[in-house]
There are 2 protein chains.
Amino acid sequence: MVTTRTSGRGAADGAPVPDRLLAVATRLFAAQGFERTSVQEIVDAAGVTKGAMYHYFSSKDDLIREIYRRLLGLQTRSLERIADGPGTAAQRLREATADVVVSTLAHLDDGVVLMHSLHLLAPHIRAQVRAERRRYHERFRALVAEGQREGSVRADISPDLATHHFFGAVHHLGTWYRSDGALRPRQIGEGLAEMFLNGIAVQRP
Amino acid sequence: MVTTRTSGRGAADGAPVPDRLLAVATRLFAAQGFERTSVQEIVDAAGVTKGAMYHYFSSKDDLIREIYRRLLGLQTRSLERIADGPGTAAQRLREATADVVVSTLAHLDDGVVLMHSLHLLAPHIRAQVRAERRRYHERFRALVAEGQREGSVRADISPDLATHHFFGAVHHLGTWYRSDGALRPRQIGEGLAEMFLNGIAVQRP
DNA sequence: GTCACATTACCGACTGGTAGTTCGGTGCGT
DNA sequence: ACGCACCGAACTACCAGTCGGTAATGTGAC
């Protein structure tokens, strides 16, 4: 298990060794890809040796697995908090969409790694990640369906297709967003939420 | 350059060797990823040897480069044909969005390969692909801007953000679309076009 | 307080294997 | 007889993971 103590030799640079390894690995994986990044590179950048890495992680795959676990857990909890909260379905949808955009932008490297590397993981790990992602998808879809019953979302669109439509935009963020660009995360979140909700909303006469 | 003759030893299976190599490589890259697919696997599946591959392609990267070139060329030509055609901006936008969805679904493997492998190519090749993609983005964005001048698209949204929003959904198709699923490509194209256009359209009173 | 002992944290040379690329060779078509 | 298309063993490089070792830290007896 990963210790959270700050004592020990690893504290030299501030953060505990496992956290440093994950942070460095995320950065390198996002920049050059999982397969193009050697374990040696990671441990060099983290200022430790292979022995340290294999002391805390069982394999290179295990690094990614942990990166995924943290990211997906974070976002799922966030969605469920909003989705199960107060307000109309339309309100909660708007809040959830803007929130997931901002949250994705705040952890952009993790998202990029997930996008680019999920397909080359061992099948059982992939299945695990897919299951978590599916849970997320289902919760969002249910919110859209609730909007339809509520009368605020058009009845003639497929909630599944709408969900895919929106998550496409979210997953795509890593491809084009630059932190030094013109748009701030909040603006992007609100802009995408506005377009998405407007796209599925019933027209007000 | 790639020959188009059908004579020679390579014609045994019908298609010329370079085409067979590209087709097989696309399938394998999409299924298991670029780095997890060895050159040996590709040439075995194509029924030739390494010598043949390195006779037609300068490297393994060159295979991907050619896959990208074909796909992007195809889609760019298609978009420009529609965008420069007749009709209002709104009509052309609808036609273009539905078309690119159907076309992406028809070449799903190529798209998946592009999504998963672009980031690990040599920088100058990546720059080349990005440039082509940018050209595509610009043409689409111009169409949205034209819609704003025409009065059919809301003036308060960023055409760039709208373009990213839509292409997110397109790029995401490879993640969830199953050819044996409930929705046909045409339905998906029209559904996404409907949501997208509705999302950016001015409300009719 | 300190000594002995156990456990944790980390080191880094080494192994076994795989992968992309090269290149001298072969045979068919013209 | 020339060259294009293709062959495939050999080459070089690298890489994930191992393992025997060492230093630091924690623990309990006295």
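This structure is a prediction, so every number in the text was calculated from the model and none was measured. The chains referred to below are lettered A, B, ... by the order of the sequence lines, with proteins before strands, and numbering in each begins at 1.
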Do any of residues 23-30 of chain B sit with a heavy atom less than 4.0 Å from DNA chain C, and if so which? none
The single option from A:R92, A:R139, A:R135 that satisfies salt bridge (Lys or Arg N to Asp or Glu O under 4.0 Å) with A:E80 is A:R135
Expressed as a whole number of angstroms, how long is the span from B:D44:CG to C:dG20:C1'? 15 Å
B:Y56 has an atom OH; how far is it from atom P of C:dT22, in whole Å? 18 Å
Just by protein heavy atoms under 4.0 Å, how would nucleotides 9-15 of chain D read 5' to 3' in B, S and -? ------S
Could you check A:H165, A:H137, A:H171 and say which one makes a ring pair (Phe, Tyr, Trp, His ring centres under 6.0 Å) with B:H172? A:H171
Distance in angstrom units between A:M53 CE and D:dA16 P, rounded: 9 Å
C:dA9 C1' sits how many Å from A:H55 NE2, rounded? 5 Å
Are A:D19 and A:R70 ion-paired here, with the side-chain N under 4.0 Å from a carboxylate O? yes
Listing request: all ring pair (Phe, Tyr, Trp, His ring centres under 6.0 Å) pairs with a residue in residues 24-53 of chain B, at least two apart in sequence or in separate chains. B:F29-B:F34
For B:E190, is there an ion pair with B:R94 - N to carboxylate O distance below 4.0 angstrom? no
State which of C:dG12, C:dA9, D:dC6 makes the closest approach to the side chain of B:V17. D:dC6
Has B:R186 got more than 12 heavy atoms of other residues, nucleotides or ligands less than 6.0 Å from its CZ? no
Look at the side chain of B:Y54 and decide which nucleotide, out of D:dT18, C:dC10, C:dG20, has an atom nearest to it. C:dG20
For A:S152, run the side chain to side chain donor-acceptor pair (under 3.5 Å) check against A:R154, A:R149, A:E150 and tell me which one passes. A:E150
If I take atom CG in residue A:L21 and atom C1' in nucleotide C:dC10, what distance separates them, rounded to the nearest angstrom? 11 Å
Measure the OG1-NE2 distance between A:T175 and B:H119 for me, rounded to the nearest 0.5 Å. 11.0 Å
